[in-house]
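Read the structure below first, then the notes.
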Amino acid sequence: MYYLGIDVGSVSTDFVVMDDSSIIVDQRYLKTGGAPVDAVKEGLRQLAGRFRDSEIRGVGTTGSGRALASAITTHAVAAAALDPEIRTVLEIGGQDSKIILLRDGIVSDFAMNTVCAAGTGSFLDRQAERLGLSVKDLGELYLIAENPVSIAGRCAVFAESDIIHKQQLGCRVEDIIAGMSKALVRNYLSNVAKGKTLLPKICFQGGVAANEGIRRAFEETLGMPVFVPAHHKVMGAFGAAILAKEKMESEAEGSGFRGFSTADEKIESRSINCSDCDNHCQVTVLYSEKGQLGCFSDRCGKYQLRNQKLN
Amino acid sequence: MKLTFPRIGDSHIYGRLLFRELGVDIIIPAPNSEEGLLRGAAKSPEDICLPFKMMTDNLLSAWEKGADTVVMPATMGPCRLGEYGELLAVVMQKYGCNYRWILLDSLSAIGPKELLRRLSMVVEDSPRSTAGILLALAKTYSLIKSHEKLQADARMQSPYEKEKGTVKSILSVCRKELEKADSLSDAMEAVRRNRHRLLTLERSTKRRPLKLLITGEIYTQIDSFGNHHIEDTLMDLGVSFEKGMSIGWWIRNTVLNPFGGLLAEIKKNPLMPHRIGGYAKETVNDAIRYAKEDFDGIIQLFPVGCMPEIVAKSVLDDLTKEERLPALSIIYDEMGGEAGYATRIEAFVEMLERKRETKDVLSGNRCGVCKH
């Protein structure tokens, strides 16, 4: 039997298929590209060839598509399953960055970026794009930089104008990249991880962990080894799959999995501006050919299907 | 005279009923909304806090509807060095809203004579006698008290409801009835009716919900638009919670007890010995109270750039470490997206639940109800 974990994020949508002994047997990392429903369908389509509906015992979802657990819990559970020794999880995703402190395998404290997305994946993506590089290049360039320039990391807008300014001055691209990576790490540590005690072993996950330069910058700043797990990009989905397994084992409930054929269904969303009360909710309803699948953002819950099972 | 006042939480409900009783014409600003916030932000000074932006829009909308006088508690103290009301007046003037201003500063700031003069301006159009006015004020205060009691009970009761959403719907029904009520007495009756419904609700006693404390800046605590309906979110998550501040609390602390500020100042608090403006000291006082009572966690709310609460937050960070007090700070501004807030709150609740489960297993308290 297998368990499926899906993590719908701002930048990527990740899939993990895990077996009974919590070993990842398959994973998919797809760009969300602003179309989460299509990304989920694409992932299901890719997995449909390898697994049968009847083999999937449970599905857990997290991220924007959560119906099971929030991103903090799933990332923490995944890290703890990977290595019980891990006491600090640094996670930098597309728009969120978080730090999770684990003690004895459970979350003892966490923090997320508050109002600003400076120092997250989308900032790196954008700078890489502007410089005509891929995110992978950023890591390689960091390693060859000799003299990192200083970049203001407090705010993505100011950081960008700083970077442009340094470019105009003729600074080498690798020095700029290194300065930017260091700025991002500095901002993360003083903003997200402020006041937290970071104990080893430190695990660095999320999409940005693919960037070797950032990992190196963390090590240099913290003076401690920082390791990146092999499945660092899909840790959220992995955690969701583990939680789905726990839940299926503790509750004798059947799975609400609609099957891989969902990938070929036509799914449409429609937005309604409800004006029945002062809340003026903008309700989004998802339809397939068979009827309503689910809906979001209605405060009073009257658009929800009765007895609906989302996970 | 057509009176108006900024919205905060249910102030429009209480204000409408009070001035109706007094026979004073009032205009209620349009409900807080995304569009309103955008307009308020565009007309307010840069970098100002969320409450100010909302109030700017409130007063602009009231002016459009024909209001000519603003009555507003200013308290000459906590925020923006006591110039909050004055700054708002300057902004209104700039956009051609030539309001007449009645700023109700605290007794200790302007003295009894000036305060009485300003209060009498509020009721100058009222045909009621002084006794009638005092009676209406007393009735309004008791309405506020009983409505807030209903809400406080609901916050503690909602996790025990048999059918999800019942408690939330009692509150919204009650609010609707209050908005439509013709008189203070009708309103009191509506609250009583809904309170009865709440108390006689079928309960499932097996649940053992988390208990949280909500604290922080006063506007974001009270106004549900300002805090993205955090109370609904918490009720949906099935946790019970208490809230430090409310309109009634403010009346008790500032109007009925003019020395409220002084009392807060002398209250012993090793982490924050002095009031530093706003309600920062109250936030920290709440947190210390938490440490003594059986709360599972604390959520601090404040708008971006709220200096006093930023200081309080760093004190909470220390408390988190020393007292193992789990605290979550949520900062509000113009962002409309709900997902970000929901993620943080859900994660916090999940963390507390998992923590408690482990603690239960370790202490042999597995079942949670009978301590076996």
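In what follows, every chain begins at residue 1, and chains take the letters A, B, ... in the order their sequences are listed. The basis for the numbers below is simple: all heavy atoms, side chains too, and nothing from hydrogens, waters or symmetry mates.
- Listed by first then second residue, pairs satisfying side-chain hydrogen bond (donor to acceptor under 3.5 Å, both in side chains) with a partner in residues 307-316 of chain B read B/Thr283-B/Glu309, B/Gln300-B/Glu309, not counting sequence neighbours.
- Neither the backbone nor the side chain of B/Lys164 comes within contact range of chain A; no heavy atom of the residue lies under 4.5 Å from a heavy atom of that chain.
- Taking both residues in full, the closest heavy atoms of A/Phe110 and B/Arg344 are given as CZ-O, 3.8 Å, listed atom of the first, atom of the second, then distance.
- The closest side-chain heavy-atom distance from B/Arg354 to A/Val77 is below 4.5 Å.
- In this structure, no portion of B/Leu352 lies under 4.5 Å from any heavy atom of chain A.
- Neither the backbone nor the side chain of B/Phe225 comes within contact range of chain A; no heavy atoms are under 4.5 Å apart.
- Legend: residues meeting side-chain contact (heavy atoms from CB on, under 4.5 Å) with A/Leu101, ordered by chain and number and at least two apart, are A/Thr88, A/Ile99, A/Arg103, A/Ser108, A/Asp109, A/Lys196.
- Here the straight-line distance linking atom CD1 of A/Ile72 with atom CE of B/Met351 works out to 9.0 Å at 0.5 Å rounding.
- Two residues are said to be in side-chain contact when any heavy atoms from C-beta on lie closer than 4.5 Å; B/Thr343 and A/Met112 meet this criterion.
- Counting non-hydrogen atoms of neighbouring residues, nucleotides and ligands closer than 6.0 angstrom, the CD atom of A/Glu85 reaches no more than 12 such neighbours.
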